[in-house]
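Order of the sequence lines fixes the chain letters, A, B, ..., with proteins taken first and strands second; residue numbering starts at 1 for each chain.
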Protein chains: 2
Amino acid sequence: MALAYDGAIQRLIDAFASLPGIGPKGAQRIAFYVLGAPDEEAQRLVESITEVKQKVRFCDVCGNVCETSPCAICADPRRDRSTICVVEEPKDVMSIERTREYRGLYHVLGGAINPMANVGPNDLNIAQLLNRLQTDEVKEIIVALNPNIEGEATTTYLSRLLTPLDVKVTRLASGLPVGGDLEYADEITLSRALEGRREV
Amino acid sequence: MALAYDGAIQRLIDAFASLPGIGPKGAQRIAFYVLGAPDEEAQRLVESITEVKQKVRFCDVCGNVCETSPCAICADPRRDRSTICVVEEPKDVMSIERTREYRGLYHVLGGAINPMANVGPNDLNIAQLLNRLQTDEVKEIIVALNPNIEGEATTTYLSRLLTPLDVKVTRLASGLPVGGDLEYADEITLSRALEGRREV
């Protein structure tokens, strides 16, 4: 009985299944799609993977992904150099850019403190952030980490580290998501929303 | 404002997003995973894609995917050559193999009749099936297509074509899925289950 595919197809299914968010059925579907796709499309996928591994590096200043360091944001003279927004991952930079509200610089930590996964402060891009505070004219650090246990722990750690350095440290507001429903808000979110209430 | 990533990363995100079942957020997550993964893992993905496109072909006999034609199932002397199970896609062969109940041969049509997508009988691997009936000692054809409109239309087409050829044509039973719940069965499935009721 053949309970697995012939070598090459099974290897491709396994390779796709090892990527995040792709299960065995999804990997099988993608593998057969690639098999049936025009050669150019498969070639494009192969080349993009190779290109990313060769070209993409991390910005020496902020730790964001880029092809030339410093990255486009750090090198942009129109950005406000007095504010640094600290995020966990490069994709968080993109999320904040999409708001079109923020004109300052970024700093990418590369994760959050997580004792369960053996990630301590020294594994994050924190020393480089302190360096930037000494040389740049930074007035405010906006800590924009994920609102979960790891993000909270890292926010507390950073605020203790940064507050003595004569720089304003702020964090994103917690509260009800716009378009959300009071009925479905969890207790912690709702008490944060109460706590952070503002005059209308 | 940088609303898209630097060239190479955005190209990789786009390439992943063009695969079936992967949305923009999933593609972004996978692209960053590949970026951070060890070089060997990215290389393994690249090689599996290249290998599948180079090595995998279709079996000249049954139309299943294989690396050498005829495929392992067609070439296996222990399989029962009097029965052919007709399926739509190579992955359906694997689904039936996993039951460990079927010992006969297969025939992969490569799809089902679908006028909306411009797929007619001539676009399917049907002529080759008729050829096999002339040369092989086939006594039964099990039509195992998907229980949807396209599968039904193709089953009807095949049964009209095959019945005059002195071969028994059967199809998979329709009915309640094992572990299912009568309350949640749709009307058509339930009436099929009634229609196909068996003595206990």
Undergrad: With a 4.5 Å cut-off on heavy-atom pairs, point out which of A/V46, A/V65, A/I49, A/T68 contacts chain B the most.
TA: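 Heavy-atom pairs under 4.5 Å are most numerous for A/I49.
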Undergrad: Where do A/L176 and A/L190 land on the side chain to side chain contact (heavy atoms under 4.5 Å, CB included) test, with the steps shown first?
TA: CA-CA 7 Å; A/L176 297 175; A/L190 203 51; 3.9 Å; yes
Undergrad: Under 4.5 Å from any heavy atom of chain A, what part of B/E89 do you find: side chain, backbone, both or neither?
TA: neither
Undergrad: Can you tell which of B/L19, B/N64, B/I22 has the highest number of heavy-atom pairs within less than 4.5 Å of chain A?
TA: B/L19
Undergrad: Salt bridge or not for B/R79 and B/E97, using N-O below 4.0 Å?
TA: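 Salt bridge between B/R79 and B/E97, a charged N being under 4.0 Å from a carboxylate O: yes.
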Undergrad: Below 4.5 Å from any heavy atom of chain B, which atoms of A/E67 appear? Answer side chain, backbone, both or neither.
TA: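 Answer is both: backbone and side chain atoms of A/E67 are under 4.5 Å from chain B.
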Undergrad: Return the option, out of B/E51, B/R44, B/K55, with the maximum number of heavy-atom pairs under 4.5 Å with chain A.
TA: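 Answer, by heavy-atom pair count under 4.5 Å with chain A: B/E51.
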Undergrad: Pick whichever of B/I13, B/V34, B/T50, B/D14 has the most heavy-atom pairs under 4.5 Å with chain A.
TA: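 Ranked by heavy-atom pairs under 4.5 Å with chain A, first place is B/V34.
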Undergrad: Roughly how far apart are B/E152 CD and B/T156 OG1, rounded to 0.5 Å?
TA: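 It comes to 6.5 Å.
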Undergrad: Is it the backbone or the side chain of A/Q54 that comes under 4.5 Å from a heavy atom of chain B, or both, or neither?
TA: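 Neither part.
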Undergrad: Would you kindly confirm whether B/L124 and B/I149 end up in one hydrophobic cluster when ILVMFWY residues are joined by side chain heavy atoms under 4.5 Å apart?
TA: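 The answer is no; the residues belong to distinct hydrophobic clusters.
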Undergrad: Which atom pair, heavy atoms only, marks the closest approach of B/A8 to A/V52?
TA: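 Where B/A8 meets A/V52 most closely, the heavy atoms are O-CG2, 3.3 Å.
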Undergrad: Please assess B/I141 against B/L133 for the test side chain to side chain contact (heavy atoms under 4.5 Å, CB included), listing each intermediate value before the final yes or no.
TA: CA-CA 9 Å; B/I141 305 262; B/L133 290 183; 3.6 Å; yes
